[in-house]
Amino acid sequence: MNACIRAIVRIGCKQRFQVYGIVGGYQGILDEAYVFLDARSVAKIIHRGGTILTTGRSEEFKTKAGLKKAAEKLKKKDINALIAVGGDGTMRGLYELGKRWKDGLLIGVPGTIDNDVFGTDHSIGFDTAVNNALVAIDKIRDTAEAFSRVFLIEVMGRHSGAIAAHVGIASGASAIIIPETPTDLDELAQIIIEERRKGKMSSIIIVAEGDEAGDATAIASKLTDKVEEGCRVSILGYIQRGGNPTHCDRILATRLGAYAIDCILEGKTGIMVGESGRDLVETPFEDTWKKKKHIEEWMLERITDLSS
Ligand code: F6P
């Protein structure tokens, strides 16, 4: 997100905008937590994870009174345009705010490791999270192979299997367990048993934390009776969300941040900017959560055949 903030500030300053950062997410509007940002103030942040502005989940902002108050605060500060980076909750926030705040333009930028926002191929943070997970999984594989073990590795995704699907393919896993598709534990056990029969002595199974059959720990205990040697569990957790962003994330964040300013210059509002193929695209806020972003089907279809 820092690369995005940097691009917004630098391109905005070139256009002679006065740019303010809002500290702590939507709650920062209610608390009038503004910080003036000039081109130099965003130096040396492109390589840093997280956000220099910090963020949060504001319960007050979600209420009717909170939204009304936010609109009043923006008016009081004489803000002409608001750019917010986040997932579907952030886009809903912008949409609701837009009903009450008619004095300025609202632009969303997709930023979530879950990559589950409709209207962009990738959201900011996804590539970094996938690569963070891969580094860890490659290391766990050494133990799996040395000790001939089955590992269930849990990755983030309360409602989304995007991280699991991508790391599953990229780590050479035997199976991917995600909330978007039904999980058949007998079938999963069979995949492991079949691998043993063919002489493969270790297995890596990637589990999205929000699978309907349970998280990795729950699935491992359900597999106890089905898989003779049992399954080890490794939960990657918040390690996935931090650290230096990858090159892909820095480029995406910079491109989308710069484009958000272009949209404001053209007087656009009520849209999330995104990337589709190599093109920049705009999606109305409502579509970003009402339309479903699908996991790339080929990943789920090919995963078993790719493992031998
Ligand atoms: O939205 C990203 C995400 O990492 C989800 O995959 C995860 O379930 C959730 O955030 C956890 O967030 P927190 O624990 O900070 O509420």
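Each ligand, and each atom within it, is numbered from 1 in the order the structure gives.
Counting heavy atoms from C-beta outward, Thr254 and Ile251 have side chains that stay 4.5 Å or more apart.
A salt bridge links Lys62 with Glu59; the closest basic N to acidic carboxylate O contact falls under 4.0 Å. Between Arg92 and Glu96 there is no salt bridge, since no side-chain nitrogen of the basic residue lies less than 4.0 Å from a carboxylate oxygen of the acidic one.
Using 4.0 Å as the threshold, Arg57 has a heavy atom nearer than that to some atom of ligand 1.
Listed by number with element, the atoms of ligand 1 under 4.0 Å from a non-hydrogen atom of Met156 are 4 (O), 6 (O). Residue Asp114 has at least one heavy-atom neighbour below 4.0 Å for each of these atoms of ligand 1: 1 (O), 2 (C), 3 (C), 5 (C), 6 (O). Heavy-atom proximity to Glu209, at under 4.0 Å, picks out these atoms of ligand 1: 5 (C), 6 (O), 7 (C), 8 (O). Taking every heavy atom of Ile113 and a limit of under 4.0 angstrom, the matching atoms of ligand 1 come to 2 (C), 4 (O).
The two residues Ala189 and Lys226 come nearest to each other via the heavy atoms CB-CB, 3.6 Å. Of all heavy-atom pairs spanning Gln27 and Ser58, the tightest one is OE1-OG, 2.5 Å.
Of the heavy atoms in His159, none comes closer than 4.0 Å to ligand 1.
No close placement of the Tyr95 and Phe285 rings is indicated, their centers lying 6.0 Å or farther apart.
Scanning all protein heavy atoms for the shortest distance to atom 11 (C) of ligand 1 gives Arg158 NH2, 3.3 Å. Scanning all protein heavy atoms for the shortest distance to atom 14 (O) of ligand 1 gives Tyr238 OH, 2.3 Å. For atom 10 (O) of ligand 1, the closest heavy atom belonging to the protein is Arg241 NH1, 2.9 Å.
When only interatomic distances are considered, the shortest N/O to N/O separation between Gly157 and ligand 1 falls below 3.5 Å.
Side chains of Ser203 and Arg196: a donor on one and an acceptor on the other come within 3.5 Å.
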